Amino acid sequence: MAKVLVVGGGGREHAIVHALSKSPKVDEIYAAPGNAGIAKLAMCVNIKDTEVEKIVLFAKEEKIDLVVVGPEASLALGIIDKLREAGVKAFGPTKAAAQIESSKEFAKDLMVKYNIPTASYKSFNNYADALEYVKNHSLPIVIKYDGLAAGKGVVIATTYDEAVYALKDMLLDDHFGHGKVVIEEYLEGPEFSFMCFVNGENVYPLQLAQDHKRAYDNDLGPNTGGMGAYSPLPFITEEDYQYALNEIMIPTALAMVKENVPFTGVLYGGLMKTKSGIKVIEFNARFGDPETEVVLPRLSSDIFDAFNQVIDGNCPVLEWEKCYTIGIVLASKGYPGDYKKGFVIENADSSDIYHMGTKVDDNGNLVTNGGRVLFAVAKGDTLEAANKKALALVNEIKCDNLFHRTDIGAKAYRK
């Protein structure tokens, strides 16, 4: 029987822990740091996901059989390299391979070199040069911080003033840290997430999902880390799927091998179906959040086996339940801007509710402890049925300071 450590403390990690808890081969699960929901399935350890040395030491002392890393920040710090050096089996890419997410410039250069379809772009570290480039290009235009920004370092500037503000924010005020920006042409079309298990040249696709980034119904309001997701996707044809797999995901894995930074773990393609074909918006080096929370509940085979098979270079067994899943985020009022914490939550005990930002206070109450707080997931024979069940689950939860979208997946089933 195996001991597994999951690094991270959000909804993605709760979904991974939940999937691992179903494996008959796993008898002990730890989470660092975990959260109040994860604590029902795993032993939470008071170590931050960025405290790499402490995590490695814990894994060695506890004789952990497998470490699964959730957050991008941990991967960018080289946690997989350190665990491997210590002789601990770990699922995820090396620091060098994680550049496909941690450096927008690295990812764009890779795509151009290997003819992987993406938007045209240019990189800048000088504010005046970046501003001049914007002046000479049509709007809207996309401005991305070249580094990790917790899903918030992307601005679609529809006016010149918005572009000026974004460039000042990223290059002069160093909002996300000192760095560069990547300025891209604006693409139009529905976005979707294609996550694949990868080991070097070998690519094993997971189920597709679509994330909803805008804060409010009808895709209004500011961009967030994600307000809900659903899977599978009716608007993606078999032809689209094969193109995305064979012209984007597999060539990217091959490109990483050729560049001497082979990828092992979850390669996440943030893709867009444009009028001129499917193109890459971004790559991530780990499970997406909140896509993971709607994809993994559909997995009927053993995820512990799959993780090990990928690490060992073998073909993983991936079997999927034929159903639709929809997940709805309950977020703190004010998110993604300023918000308050510490509001009591009631009726959030269902195993279909993943915790994203919760904790238990000194009085033993479950309270809000983040921008995105809970994620309610439901299955159905249709998207509409799944959405109704998810909304019913949301309506049972009692808290004075949460809001949610009601239209997750609606564009797909209201046609």
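From a predicted model like this one, the values you see are computed outputs, not experimental measurements.
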Other residues, nucleotides and ligands only: do more than 12 of their heavy atoms fall within 6.0 Å of [atom1] on [X]?
{"X": "K3", "atom1": "NZ", "value": "yes"}
{"X": "F106", "atom1": "CZ", "value": "yes"}
{"X": "D27", "atom1": "CG", "value": "yes"}
{"X": "K22", "atom1": "NZ", "value": "yes"}

Any heavy-atom pair between the side chains of [Y] and [X] that's under 4.5 Å?
{"X": "E28", "Y": "E62", "value": "no"}
{"X": "D109", "Y": "Y121", "value": "yes"}
{"X": "M272", "Y": "K279", "value": "no"}
{"X": "M249", "Y": "F283", "value": "yes"}
{"X": "K180", "Y": "S103", "value": "no"}
{"X": "L296", "Y": "H18", "value": "no"}
{"X": "V155", "Y": "M170", "value": "yes"}
{"X": "D407", "Y": "N218", "value": "yes"}

Search all heavy atoms of [X] against all heavy atoms of [Y] and return the closest pair with its distance.
{"X": "V88", "Y": "I64", "answer": "CG1-O, 4.2 Å"}
{"X": "V154", "Y": "N223", "answer": "O-ND2, 4.2 Å"}
{"X": "R84", "Y": "T264", "answer": "NH2-CB, 4.0 Å"}
{"X": "Y243", "Y": "P117", "answer": "OH-CG, 3.6 Å"}
{"X": "I408", "Y": "M227", "answer": "CD1-O, 3.9 Å"}
{"X": "P205", "Y": "L318", "answer": "O-CD1, 3.9 Å"}

Can a donor-acceptor pair be found, under 3.5 Å and without considering hydrogens, that links the side chain of [X] to the backbone of [Y]?
{"X": "T224", "Y": "P336", "value": "no"}
{"X": "E291", "Y": "D289", "value": "yes"}
{"X": "N35", "Y": "G37", "value": "yes"}
{"X": "N387", "Y": "L383", "value": "no"}
{"X": "T382", "Y": "A385", "value": "yes"}
{"X": "E396", "Y": "L393", "value": "no"}
{"X": "T368", "Y": "F343", "value": "yes"}
{"X": "E201", "Y": "A253", "value": "no"}
{"X": "D217", "Y": "T406", "value": "yes"}
{"X": "S231", "Y": "V295", "value": "no"}

*Is there a salt bridge (Lys or Arg N to Asp or Glu O under 4.0 Å) between E282 and K144 once you walk through the steps?*
CA-CA 10 Å; E282 65 176 356; K144 296 180 177 180; 5.4 Å; no

Residues [X] and [Y] bridged, charged N to O under 4.0 Å:
{"X": "K89", "Y": "D312", "result": "yes"}
{"X": "D302", "Y": "K25", "result": "no"}
{"X": "K275", "Y": "E188", "result": "no"}
{"X": "K213", "Y": "D211", "result": "yes"}

*Mind running side-chain hydrogen bond (donor to acceptor under 3.5 Å, both in side chains) on N246 and Q242 for me, showing each step along the way?*
CA-CA 6 Å; N246 295 309; Q242 292 299 333; 3.2 Å; yes

How long is the straight-line distance from [atom2] of [Y] back to [atom1] of [X], given to the nearest 0.5 Å?
{"X": "I141", "Y": "I156", "atom1": "CD1", "atom2": "CD1", "result": "11.5 Å"}
{"X": "F403", "Y": "S332", "atom1": "CZ", "atom2": "OG", "result": "8.5 Å"}
{"X": "R298", "Y": "C323", "atom1": "CZ", "atom2": "SG", "result": "5.5 Å"}
{"X": "K411", "Y": "Y230", "atom1": "NZ", "atom2": "OH", "result": "9.5 Å"}
{"X": "I328", "Y": "L391", "atom1": "CD1", "atom2": "CG", "result": "4.0 Å"}
{"X": "E13", "Y": "D49", "atom1": "CD", "atom2": "CG", "result": "7.5 Å"}

*Please assess Q309 against Y204 for the test side-chain hydrogen bond (donor to acceptor under 3.5 Å, both in side chains), listing each intermediate value before the final yes or no.*
CA-CA 11 Å; Q309 287 156 352; Y204 310 102; over 6 Å; no

*Evaluate the criterion side-chain contact (heavy atoms from CB on, under 4.5 Å) for residue pair L139 and Y186; output intermediate values, then yes/no.*
CA-CA 8 Å; L139 297 172; Y186 174 71; over 6 Å; no

_All pairs passing salt bridge (Lys or Arg N to Asp or Glu O under 4.0 Å) where residues 224-236 contributes a residue, at least two apart_ = none

*Are F194 and Y241 close enough that their ring centres sit under 6.0 Å apart?*
yes

*For L41 and H14, run side-chain contact (heavy atoms from CB on, under 4.5 Å): C-alpha distance rounded to whole Å, both residues' side-chain angles, the deciding distance at 0.1 Å, then the answer.*
CA-CA 9 Å; L41 298 169; H14 193 166; 4.2 Å; yes

_F124 vs V181, test: side-chain contact (heavy atoms from CB on, under 4.5 Å). Steps then yes/no._
CA-CA 5 Å; F124 297 91; V181 297; 4.1 Å; yes

*Would you call the rings of F307 and F91 parallel, tilted or perpendicular, where under 30° means parallel and over 60° means perpendicular?*
tilted

I'd like a table of donor-acceptor pairs (distance under 3.5 Å, sequence neighbours excluded) in which one partner is a side-chain atom from residues 370-381, with atom names and distances.
| unit_1 | atom_1 | unit_2 | atom_2 | d |
| --- | --- | --- | --- | --- |
| R372 | NH1 | G225 | O | 2.9 |
| R372 | NH1 | G226 | O | 3.1 |
| K379 | NZ | P297 | O | 3.1 |
| K379 | NZ | E321 | OE1 | 2.8 |

*Dump the intermediate steps for side-chain contact (heavy atoms from CB on, under 4.5 Å) on V394 and L330, then the final yes or no.*
CA-CA 8 Å; V394 165; L330 289 91; 3.9 Å; yes

*asked:* Pair Y165, D173 - check side-chain hydrogen bond (donor to acceptor under 3.5 Å, both in side chains), show working.
replied: CA-CA 10 Å; Y165 180 84; D173 299 338; over 6 Å; no

*May I have the step-by-step check of salt bridge (Lys or Arg N to Asp or Glu O under 4.0 Å) for E184 and K104, ending in yes or no?*
CA-CA 11 Å; E184 292 183 357; K104 299 285 191 296; over 6 Å; no

*Is there a side-chain hydrogen bond (donor to acceptor under 3.5 Å, both in side chains) between T237 and D240 once you walk through the steps?*
CA-CA 5 Å; T237 66; D240 292 335; 3.1 Å; yes

